[in-house]
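All values below come from the heavy atoms of this structure, side chains included, with hydrogens, waters and symmetry mates left out. Proteins come first, then strands; the chains are lettered A, B, ... in the order of their sequence lines, and each starts at number 1.
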Number of protein chains: 2
Amino acid sequence: DGGSDIDHILETQSALAVDLGGTNLRVAIVNMKGEMVKKFCQPNPKTYEDRMGLILKMCTDAAIQAVDLNCRILGVGVSTGGRVNPKEGLIIDSTKLIQEWSGIDIRTPISDTLHLPVWVDNDGNCAALAEKKFGHGREVEDFVTIITGTGIGGGIIQHGELIHGSTFCGAELGHITVSLDGPECKCGNRGCVEAYASGQALQREANKLHDGLYSPTQPYADLLMKEDVALKASEPATAAHLINAARLGNPNAEAVLRTAGTALGVAVVNILHTVNPSLVVLSGVLASSYLAPVKKVISQRALSSASSVTVLTSNLEDPALLGAASMVLDYATRRMY
Amino acid sequence: DGGSDIDHILETQSALAVDLGGTNLRVAIVNMKGEMVKKFCQPNPKTYEDRMGLILKMCTDAAIQAVDLNCRILGVGVSTGGRVNPKEGLIIDSTKLIQEWSGIDIRTPISDTLHLPVWVDNDGNCAALAEKKFGHGREVEDFVTIITGTGIGGGIIQHGELIHGSTFCGAELGHITVSLDGPECKCGNRGCVEAYASGQALQREANKLHDGLYSPTQPYADLLMKEDVALKASEPATAAHLINAARLGNPNAEAVLRTAGTALGVAVVNILHTVNPSLVVLSGVLASSYLAPVKKVISQRALSSASSVTVLTSNLEDPALLGAASMVLDYATRRMY
Ligand SMILES: [Ca+2]
Ligand SMILES: [Ca+2]
Ligand SMILES: [Zn+2]
Ligand SMILES: [Zn+2]
């Protein structure tokens with residue numbers, strides 16, 4: 001009957017989603033239910049030209065595959081690190097984790113090549129949109145999300161809408177300062193939570209530990225391990241090695257993670273005392289490691305009126321990518337930018 | 001003519017304003033133009049009973065004087081430290097600077113005694129309302145105010161409205177943490193900007209300096225001064241002495257003020273990276289001392305997209321008190337709480 005025809009048409013409506021992170025460039029076909037029908041991943045190129053070329057190629061390839069997968073693509077949603085003007089489709093000012101990516105019109109080349117409408121927003125903001133449509137943020141008026149990857153992104157939903165701010169620099173939650181001194185951040189400031197608790201910050205500390213460990217007096221058990229074998233001096237250490245070392249009881253690794261968790265908790269307390277959301281959603285690979293320390297810091301440091309906040313880890317696979325898709329799925333029928 | 005009769009009636013419409021701070025209890029008669037027709041000030045009593053008694057007495061006296069001054073009082077506006085539920089007229093959770101002031105219904109006793117409608121909000125929020133109606137915040141969609149007195153209060157206007165937050169704990173900007181360690185704050189946290197840059201924090205540092213100065217080796221010029229005479233060891237030092245000492249070139253006093261200014265600047269940067277206002281208004285007795293350091297810290301530490309923010313000192317005499325009045329002047333005709 002007619003009803004199921006319409007249902008079928010609605011079900012085939014899909015989005016192309018692009019996520020530009022500090023490490024990877026990812027493209028996905030996402031359907032109305034928020035399912036990732038197909039996902040593609042490449043290292044994010046280092047130059048504008050290579051990056052834009054790869055975006056266009058991956059999107060074109062994905063659009064061709066979408067036909068075979070019976071997905072009708074309504075538009076392209078782009079999530080990127082850095083400050084974004086979503087109305088104009090511009091990246092105003094990039095994160096230092098992505099080079100040659102400031103003052104970029106990203107909408108025009110994608111729209112011209114794919115002949116589809118294009119939406120763009122900051123990656124943390126996209127993660128918040130994904131939580132709002134598919135995750136813990138459904139039906140929640142005021143919530144905040146913090147996504148930890150190579151860097152740290154954030155998104156704030158206030159009265160059901162993103163806070164973009166007066167110059168599109170709202171919810172840059174990775175650059176909340178938690179220490180007047182503290183480690184240097186890529187942004188030029190020091191003591192940003194990103195400089196303590198991002199994947200890159202943990203990797204920096206892992207390598208410091210790793211370099212310092214190869215003294216003749218160091219017990220074997222304190223070395224960073226890779227599947228129970230000590231990392232060689234020449235091998236680079238990663239955040240994963242650090243987390244593993246902490247799990248094995250290495251006190252230096254534990255101390256680094258403790259400080260990172262405290263820094264993230266203090267950043268969350270600052271957010272509570274500024275916009276006072278009812279929910280904070282942590283996402284990204286480190287979210288589960290940070291849940292307990294963030295809750296603990298809130299109980300120790302937040303004003304009692306704010307400490308009733310719920311803190312959860314995201315149950316979404318790829319919030320920034322999914323949020324990029326959600327702009328398309330929500331706005332395409334309304335042609336709203 | 002009829003027009004000027006109506007003008008005259010509108011001009012006589014006034015508010016009783018009450019401001020409860022960490023040190024003083026102030027009451028004023030404020031007219032439609034934001035003029036303080038009459039102002040009364042007493043030390044804020046230390047107990048609930050004394051405080052409420054004094055509020056009612058000062059308001060009753062002011063209401064009587066208002067008749068002679070040809071001011072028609074439309075209602076009472078109350079500004080207070082602590083977390084306030086403005087809908088219910090409740091102080092949920094007080095600042096530690098005001099004792100016996102949590103879980104208080106402040107609307108009912110005032111309304112019952114004065115037979116007038118009563119509005120209540122947090123003091124920093126009231127300061128923001130005053131800037132919006134009478135100060136630099138007129139016609140500005142997104143701005144923030146920070147008011148420094150005994151403590152530090154804040155208010156955030158987003159899309160023309162106060163951010164109260166999900167549990168009335170938004171814009172508690174004095175308790176933004178700028179240091180993982182740092183001095184203990186009255187709120188129970190440590191490293192809050194209030195613990196660095198409030199009047200009380202400066203007084204604490206002034207007394208530390210003053211106590212440390214009376215060693216036999218200390219040069220006379222480094223002592224804290226009161227009108228060019230050295231403070232006696234037994235005299236208590238104040239924030240004013242500290243500021244005076246810094247002005248006279250005392251390096252210890254300068255260092256304390258520098259740290260305070262940096263802390264306030266970093267708190268402002270955190271606010272810029274969270275709600276990204278186009279304007280920050282500094283008010284309170286220390287505002288002019290903090291203007292230059294706050295601007296400097298923004299230029300050093302804020303993301304470039306956020307650093308275009310305008311920072312001004314308030315041109316209002318008493319923003320919290322005036323904001324308390326503005327609730328009455330704006331809402332009385334609409335009976336809106
Ligand atoms: Ca963001
Ligand atoms: Ca406030
Ligand atoms: Zn930073
Ligand atoms: Zn505090």
Chi angles and distances behind the side-chain contact (heavy atoms from CB on, under 4.5 Å) call for A:T274, B:I156: CA-CA 8 Å; A:T274 309; B:I156 305 174; 3.6 Å; yes

Contact listing (chain B partner; residues 162-179 of chain A; heavy atom under 4.5 Å): A:I163, A:H164, A:G165, A:S166, A:T167, A:F168, A:C169, A:G170, A:A171, A:E172, A:L173, A:H175, A:I176, A:T177, A:V178, A:S179

Chain B contact via A:L272 - which portion, at a heavy-atom distance below 4.5 Å: backbone

Rounded distance [0.5 Å steps], CG in B:D93 versus OG in A:S304: 3.5 Å

Determine all donor-acceptor pairs shorter than 3.5 Å in which one atom belongs to a side chain in residues 180-188 of chain B; sequence neighbours excluded.
unit_1	atom_1	unit_2	atom_2	d
B:E184	OE2	B:R190	NH2	3.4

Part of A:Q158 lying under 4.5 Å from any heavy atom of chain B: side chain

Separation between SG of B:C192 and NE2 of A:H273, rounded to the nearest 0.5 Å: 7.0 Å

